[in-house]
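Each residue takes its place number in the sequence, starting with 1.
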Amino acid sequence: MNTLFLAIVIFLIVLAVFDLVVGVSNDAVNFLNSAIGAKVAQFRTIIVIAAIGVFAGSVMSNGMMDVARHGIMTPAYFTFYDVMCLFLAVMVTDVILLDIFNTLGLPTSTTVSMVFELLGGALAIALVKIFSGATDANGVLLTLGDLINTEKALSVILSIFLSVAVAFIFGSLVQWIARIVFTFTYQDNGAIAHTKGAMYNRAKSSIKIGVFGGMAMTSIVWFLLIKGLKGSTIMTPQLKGFIDEYTWQILGTGLAVFTVIMTLLSLMKRPVLKYIVLLGTFALALAFAGNDLVNFVGVPLAGLESYRDYMANGNGDAFSFLMTSLMDSAQTPTIFLLIAGIVMVLSLIFSKKAQNVVNTSVNLSRQEEGDEMFGSSAAARLIVRTAQKTATTISAIVPRPIGRWIDSRFNVNEAILREGAAFDEIRASVNLVLAGLLVALGTSLKLPLSTTYVTFMVAMGSSLADRAWSRESAVFRITGVLSVIGGWFITAGSAFILCYIIANALFFGSFIAMALAIIIAIVLLIRSNIKFKSSSEATESDILFNQINKTTDKAERWQLLKLYVCRGVVNQLKFTKSCFQKVTNAFLNEDYSPLRQSTHEIDTARKQLKRQRRREIIGLRNVDPMLAMEKNTWYFLSNGSVEQMLYCLKRINDPCREHVGNNFTPVSKEMAGRFENIQKSILDVFLKTEYALIPSVISKEKLTEVRTQTKELMRMLSDYRKEIIDSMQKNSVNIESTMVYLNIIQESHVLLSSLRHLQRGIIKFCA
């Protein structure tokens, strides 16, 4: 039995490595999004700086927070078998849960997940002990209050509300003030530069950036002292006491010194804001590793210490040996911290999921419009309408001169962003500094604010203040924010419920259930990583769209846009052809399964077309305006034709699915045989249209020839439709099946009509 427990402990440690990987991937958004979004340096430079911060924070960390040992449960009343079931349930749940969020590209909180997993697992074991009549040393029956410490869970719930609301409000307010002061044309080299390149007032602007830089650097240093190093080995009681006693003197001196230094650097044309962003990235990375390392390795190391105590003092009785030793605070060996730091650094450098999570935050806060990751929702539409009405009311109250002056400070059209940047360095600095200040303030007030929640919501608030959420993108951005926030709240509930279930299964299933849990966790992790790898590969369409956005040559952009539109049309034609053949064959062969599948496939195709259309419209906005006006009509004719084809497929599929699903009488063999030739002709014109659009240069002659063939086929279908109607009046036929068959013929006619409009529109668009 001891060997089995040893195997579980070893697996806990191995699982801790996976937890480090997925945990770093998820929390990478905390310290990477601002630097990457503003493009202050090359990606590898940002990663190196963050990696140094992560490694330093992990090595200096005390490595163990008491919440993993006795923050949630009271281990003096739990046996060794109890805690092994609990710790294994927590680790299996944590890895699976975090990996799911990473794969979806949604940031979540490792602190919240760990606390609620511990709470769910501890509650499961505690209820078992209560129902079995467990008592303390004096023979008094144990209650839930004796076994569970709910105070920590309540404080985390409080931190969720504080993190979301406070961070968003302060992010909006501080960024609005910063933009009023600096506008969008500010450059941190000691000058204000407009799009025309004019520069003036070097001394005035240098003083301005000096004060801003001094405040930012002082805030970062305070954040490092309060949050980043508060639990490190170098933070001795004497040093902590000195900082607490002379806090205001330290802050005042730092503000004065840093203001002078930043002003001088600005006068010397040095990139002050770049330094602030990079130092802020380092500070958040160090604080993350120094304080959140317990979220990844705390439980496994607690399991290891429990096993050592059991082997030394348990006398082989795992079911009665109480884990009183876990009531004491532990000191983690430096070698464990060193290994954990190396794993975290490697995860940060090589993890594709970390980039995926960062992209979610950056895309939701970028200044310019682009491809939106999220769709529209009813809640988002309601919020946008309410916000617009509120803004209109406020605008009516504010005097017009003041309103015009404020609008002039938000000169978005004159903004100068680095190539590929989502926002400027002013906003990146505000994001990092304000996030650090809020986390440090929460720590000093003993409020456990989530670093993930704070950094994300500050970024969202600052983007709102920067007017990055235009009327064209606001509903999509708000939907994304609501999705992320919803994921945070789901984290707590799902972690609690899932760990509660797994802990019960492990407790009653004993070693067989433990072995199954280990196998399931491994299988799910492997499958999730394989699935993520395949889904994260950039498609040819994504690469081409990125090229359209990056190029500054409008002529080249137009050529790329034509190619993008044609490839999109070809893909839609392929789907339409395939789906039409699949649906009609399923109807004639009375095969229900393909008809059910096609319902979902058609809905998915419509969503993809909507996303593709938004991308193409963004491309049209960025080409020559006169050219865009000329091609606009033909583009929408082509796009509308494709959309109409999808509706035709839906109108064909729905009656067929109902007919076959209800096992109604099939069509006659004569009609089925006749339709095979019609189907072949329809598929042929679709295929020829594809071939005419595949080359980079559209073949106008081929498309014209196919249009003629399509017209002839439409005439033939029209005659056949009349023939069917006459047959229904003269002969005795099955009305139900014949009506569905007639619907297919009519919608096929509409499908071909849409194809002809598409052919005409694409010829004019690409001419």
Side-chain angles (χ1 to χ4, degrees), residues 8-9 12-13 15-16 19-20 22-23 26 63-98 101 108-130 144-160 291-307 322-323 325-330 332 448 450 452 488-507 514 517 521:
I8 293 174
V9 171
L12 286 178
I13 296 175
L15 215 56
D19 208 7
L20 281 169
V22 296
N26 191 280
M64 184 63 65
M65 195 167 58
D66 287 342
V67 66
R69 299 165 59 85
H70 53 258
I72 299 298
M73 63 176 178
T74 307
Y77 298 125
F78 286 76
T79 67
F80 176 66
Y81 179 77
D82 295 337
V83 298
M84 293 306 293
C85 291
L86 172 60
F87 291 155
L88 181 58
V90 168
M91 291 304 297
V92 171
T93 304
D94 196 53
V95 172
I96 294 174
L97 200 62
L98 288 178
F101 274 91
T108 187
S109 171
T110 53
T111 303
V112 170
S113 61
M114 184 194 68
V115 169
F116 276 88
E117 286 156 4
L118 283 169
L119 182 61
L123 178 63
I125 305 299
L127 290 178
V128 172
K129 298 181 77 67
I130 292 174
L144 192 62
D146 297 325
L147 296 167
I148 301 294
N149 177 15
T150 58
E151 182 180 354
K152 178 62 69 175
L154 291 175
S155 66
V156 171
I157 293 174
L158 176 63
S159 75
I160 292 176
N291 292 273
D292 290 357
L293 184 62
V294 63
N295 299 339
F296 314 129
V297 302
V299 170
L301 291 180
L304 176 61
E305 184 170 336
S306 299
Y307 176 76
L322 298 177
M323 299 308 303
S325 61
L326 292 182
M327 294 296 295
D328 301 326
S329 297
T332 306
S450 168
T452 301
W488 293 344
F489 286 94
I490 291 173
T491 299
S494 56
F496 178 86
I497 295 173
L498 185 59
C499 194
Y500 178 87
I501 295 173
I502 294 177
N504 271 308
L506 297 181
F507 185 87
M514 293 178 182

Could you tell me which non-hydrogen atom of [X] sits nearest to which non-hydrogen atom of [Y], and how far apart they are?
X	Y	answer
Ala89	Leu506	N-CD1, 3.6 Å
Gly303	Met84	O-SD, 4.3 Å
Pro300	Ala16	CG-CB, 3.4 Å
Ala302	Leu326	O-CD2, 4.1 Å

**Asked** Quick one: side-chain hydrogen bond (donor to acceptor under 3.5 Å, both in side chains) partners of Thr79, sequence neighbours excluded?
**Response** Asp82
Could you tell me the separation between the [atom1] atom of [X] and the [atom2] atom of [Y], rounded to the nearest 0.5 Å?
X	Y	atom1	atom2	result
Leu97	Thr491	CG	OG1	6.0 Å
Ile497	Thr93	CD1	OG1	11.5 Å
Phe80	Met323	CZ	CE	6.5 Å
Ile125	Ile130	CD1	CD1	12.0 Å
Glu117	Ile502	CD	CD1	8.5 Å
Cys499	Met114	SG	CE	11.5 Å

**Item:** ring-ring contact (aromatic ring centres under 6.0 Å, His included) involving Phe78 - partner list, sequence neighbours excluded
**Value:** none
**Request:** Just jot down the ring-ring contact (aromatic ring centres under 6.0 Å, His included) partners of Tyr81, sequence neighbours excluded, or say none.
**Result:** Phe319, Phe507
**Request:** Please check if the side chain of Thr74 supplies one atom and the backbone of Asp146 the other of a donor-acceptor pair under 3.5 Å.
**Result:** yes
**Message:** By the side chain to side chain donor-acceptor pair (under 3.5 Å) test, which pairs, at least two apart or in different chains, include something from residues 492-504?
**Reply:** none
**Request:** Start with the C-alpha gap between Val299 and Leu118, add the side-chain angles, then the distance that decides, and say whether side chain to side chain contact (heavy atoms under 4.5 Å, CB included) holds.
**Result:** CA-CA 9 Å; Val299 170; Leu118 283 169; 4.3 Å; yes
**Message:** Side chains of Leu12 and Phe87, heavy atoms from C-beta outward: is any pair under 4.5 Å?
**Reply:** yes
**Prompt:** For Ala122, which residues count as a side chain to side chain contact (heavy atoms under 4.5 Å, CB included) partner, sequence neighbours excluded?
**Reply:** Ile72, Met73, Leu86, Ile148
**Complete:** side chain to side chain contact (heavy atoms under 4.5 Å, CB included) filter on Phe496, not counting sequence neighbours, yields Phe116, Leu119, Leu123
